[in-house]
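Note: hydrogens, waters and symmetry copies are ignored here, and every other heavy atom, side chains too, is used. Whatever order the structure lists them in is the order used to number ligands and atoms, beginning at 1.
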Amino acid sequence: MSSLDPKLQDVYDEVLARNPGEQEFHQAVREVLESLGPVVGKHPEYVDAAIIQRLCEPERQIIFRVPWTDDRGGVQLNRGFRVEFNSALGPYKGGLRFHPSVYLGIVKFLGFEQIFKNALTGMPIGGGKGGSDFDPKGRSDAEVMRFCQSFMTELHRHIGEYTDVPAGDIGVGGREIGYLFGQYKRITNRYESGVLTGKGLSWGGSLVRTEATGYGTVFFVDEILKADRDSFDGKKVVVSGSGNVAIYAIEKVHQLGGTVVACSDSGGYAVDEDGIDLDLLKEVKEVRRARISEYAEARSSARYVEGGSVWDVPCDIALPCATQNEIDEPEATALIKGGARVVAEGANMPCTPDAVRAFAEAGVVFAPGKAANAGGVATSALEMQQNASRDSWTFEHTEERLAEIMRGIHRRCLETADEYDLPGNYVAGANIAGFIQVADAMVAHGVV
Ligand code: NAP
């Protein structure tokens, strides 16, 4: 672990004491604080106004009971969360995650990251996150609907187009957003399109939102490659996960001339040296909601490896698109041995601090999720723009806006890293650029 500036160490100690047991939140805070040493030296006004302490304390945290009835008539109980972290730049914005591992520490880590990510997009959105320990896997559509309706029965009082605008994340896709929107509309008697993003195209959604996080991550890597006079052409790529972010990252890699040779789910991974067949993958994961093992069964060029690590598959570029802390030091070492030159986080915090250190020591270019996966939330903000003006844009126009935003984030990271004498350090560039934008707004707003 690198040491912190003494002022930042005090802040970090306070975060540990005030938020016991929230390991992922501690990790996310520390990662940002490690970048801010040179900033507090240059900007004493942020210290005087206790900006960093205030940033580490959510503006509001809501925890609620979510009772619902399963298909056999049994009463089930889950816990719901919404953490409204920071509204200095706009309404709270960030996804909902439905996964059995969800607890307050995960929601807070995601909400904290979201503040800086949203700032980097340059769009007027604050940071928030929510979710539940509900597991949609193996549940019928009717059960998922009843759960979503119960979840929204409480959540509706806390959200709104000018207050807090949730979207999807792990376990929350178009189906869940539909049920959540339906219940919000029913309870409030308002057709408030801007209250949720990730909506269906016929009822207020935006083209490219489904593809945006995966596409955006690949656009970001394309900028990294171009800065080195290189391209995706002929590159071997490994992607973890096979959900929303992974599928559309694979699609864009193939469009840009690379080949994705492996992807995974929580059960194992599929290796396909001919390149992942995207139509088959979409059919297995999006239509049948089945396992990656079934992809391998249906394709002669593929083999399935149960358990194990997808990062053992040699590649030029690695795109972790599944979940937090999936690449620790051993997986990073395997990637380095396998020839990886660029690692970009499609997921949120998939690389541990030890993994990031190993990449730096080996000269592997590392793009943090705050920057590399910001395309999803940026396109959510484009969906909000279209809702506000009751307009809908073409696919080409929206995709070009996304590409332009990703180029802008890439440029900003590099320029900020240069300004602080850390050339090529995307982690420092993203953390410092995002922080300064939020901090300046907080100073302007006074002590609130
Ligand atoms: P998703 O559609 O639910 O897919 C998640 C994928 O990751 C699935 O293949 C899942 O496999 C795998 N996975 C989840 N938990 C895992 C675990 N503990 N171990 C191994 N594999 C696991 O979710 P998503 O929207 O693609 O989100 C993926 C990541 O991207 C998350 O970190 C999310 O926060 C981040 N992200 C998403 C967006 C967005 O717009 N959706 C935007 C920015 C960042 P199983 O099916 O076997 O569970």
Side-chain angles (χ1 to χ4, degrees), residues 24 28 93-102 106-107 109-114 116-118 120-121 127 129-131 134-138 144 166-177 196-198 205-206 208-217 220 239-250 262-270 281-282 284-286 288-295 306-311 319-328 331 344-351 368-383 402 406:
E24 295 85 356
K93 181 90 197 84
L96 298 171
R97 175 176 293 191
F98 293 168
H99 192 271
S101 63
V102 167
I106 286 198
V107 180
F109 119 63
L110 291 163
F112 184 74
E113 292 257 307
Q114 198 81 47
F116 308 98
K117 180 189 307 190
N118 293 4
L120 281 173
T121 66
K129 200 84 187 188
F134 172 70
D135 187 358
K137 246 185 247 148
V144 171
D169 189 80
I170 290 178
V172 179
R175 173 182 61 170
E176 291 74 16
I177 293 291
L196 288 170
T197 58
S206 171
V208 192
R209 176 61 192 92
T210 305
E211 295 85 352
T213 308
Y215 276 22
T217 302
F220 196 89
V239 172
S240 65
S242 47
N244 171 263
V245 179
I247 286 175
Y248 293 97
I250 295 170
C263 64
S264 65
D265 62 20
S266 57
Y269 64 92
L281 184 68
K282 285 184 181 175
V284 170
K285 296 307 278 190
E286 292 184 337
R288 285 197 261 150
R289 296 182 189 274
R291 313 301 302 156
I292 199 72
S293 53
E294 293 180 35
Y295 169 91
E306 194 168 342
S309 163
V310 72
W311 308 117
L319 304 178
C321 295
T323 194
Q324 65 276 353
N325 292 332
E326 52 169 304
I327 301 185
D328 202 354
E331 291 80 15
E345 295 186 321
N348 285 312
M349 209 169 74
C351 300
K370 271 184 211 88
N373 73 39
V377 74
T379 309
S380 276
L382 299 179
E383 182 174 331
L402 167 65
M406 297 314 295

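V245 CG2, 3.8 Å is the protein heavy atom nearest to atom 24 (P) of ligand 1. Closest to atom 32 (O) of ligand 1 among all protein heavy atoms lies N348 N, 3.1 Å. Scanning the protein heavy atoms around atom 23 (O) of ligand 1, the nearest turns out to be I170 CA, 3.4 Å. Nearest protein heavy-atom neighbour of atom 46 (O) of ligand 1: R291 NH1, 3.6 Å.
The option with the heavy atom closest to atom 6 (C) of ligand 1, from among A372, G243, G214, is G243. The option with the heavy atom closest to atom 31 (C) of ligand 1, from among A322, G346, C263, is A322. Atom 25 (O) of ligand 1 has its nearest heavy-atom neighbour, among I106, D169, L110, in D169. Nearest to atom 2 (O) of ligand 1 by heavy atom, out of N244, T213, T323, D135, is N244. Considering G168, A212, S264, S266 only, the shortest heavy-atom separation from atom 11 (O) of ligand 1 involves S266. Compare G216, G198, A167, G171 by their heavy atoms: the one nearest to atom 3 (O) of ligand 1 is in G171.
Note on ligand 1: Q324 sits outside its first shell, no heavy atom being nearer than 4.0 Å. Remark: distances from the non-hydrogen atoms of R97 to ligand 1 include one below 4.0 Å.
Of the inter-residue distances, the one linking Q324 atom CD with I170 atom CD1 reads 6.5 Å to the nearest 0.5 angstrom. In this structure, L110 CG and D169 CG are separated by 6.0 Å, a value rounded to the nearest 0.5 Å. We find the CG-SG distance between N373 and C321 to be 8.5 Å, quoted to the nearest 0.5 Å. Between atom CZ of residue F98 and atom NZ of residue K137 there is a gap of 14.5 Å, rounded to the nearest 0.5 Å. Once rounded to the nearest 0.5 Å, the distance linking CD of E383 with OG1 of T379 reads 9.5 Å. In this structure, CD1 on I292 lies 13.5 Å from CD on E306, to the nearest 0.5 angstrom.
Set against the non-hydrogen atoms of K137, the atoms of ligand 1 under 4.0 Å away are 45 (P), 46 (O), 47 (O), 48 (O). Using a 4.0 Å cut-off to heavy atoms of C321, the atoms of ligand 1 that qualify are 28 (C), 29 (C). Distances below 4.0 Å separate heavy atoms of N373 from the following atoms of ligand 1: 43 (C), 44 (C). Atom numbering of ligand 1 starts at 1 in the shown order; those under 4.0 Å from a heavy atom of H99 are 15 (N). Taking a cut-off of under 4.0 Å to the non-hydrogen atoms of G241, the atoms of ligand 1 that pass are 9 (O). Listed by number with element, the atoms of ligand 1 under 4.0 angstrom from any heavy atom of R209 are 40 (O). Which parts of ligand 1 touch S242 is read off a 4.0 Å heavy-atom cut-off, strictly below it: atoms 9 (O).
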Handout entry: Residue pair E24, N348: steps toward the side chain to side chain contact (heavy atoms under 4.5 Å, CB included) verdict
Key = CA-CA 11 Å; E24 295 85 356; N348 285 312; over 6 Å; no
Practice task
Check the pair W311 / E326 against side chain to side chain contact (heavy atoms under 4.5 Å, CB included), numbers first and verdict last.
Solution key: CA-CA 10 Å; W311 308 117; E326 52 169 304; 3.5 Å; yes
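Checked options T197, N118, T213, L196; the residue passing with S380 is T197 (criterion: side chain to side chain contact (heavy atoms under 4.5 Å, CB included)).
Not one N or O of K117 is nearer than 3.5 Å to an N or O of ligand 1, by distance alone. Polar contact check, K285 against ligand 1: no nitrogen or oxygen pair lies under 3.5 Å apart. Ligand 1 has no nitrogen or oxygen under 3.5 angstrom from a nitrogen or oxygen of G376.
With a 4.0 Å heavy-atom cut-off, ligand 1 is reached by no atom of P350. No part of M349 comes within 4.0 Å of ligand 1, judged by heavy-atom distances.
Taking the ring-ring contact (aromatic ring centres under 6.0 Å, His included) definition, one finds that Y215 meets it with nothing, sequence neighbours left out. For D328, the side-chain contact (heavy atoms from CB on, under 4.5 Å) partners at least two apart in sequence or on another chain are P330, E331, T352, D354.
The two residues K93 and P166 come nearest to each other via the heavy atoms NZ-O, 3.7 Å.
A donor-acceptor pair under 3.5 Å links the side-chain atoms of E345 to the main chain of G369, judged by distance alone. Checking side-chain atoms of E176 against main-chain N and O of V144 turns up no donor-acceptor pair under 3.5 Å.
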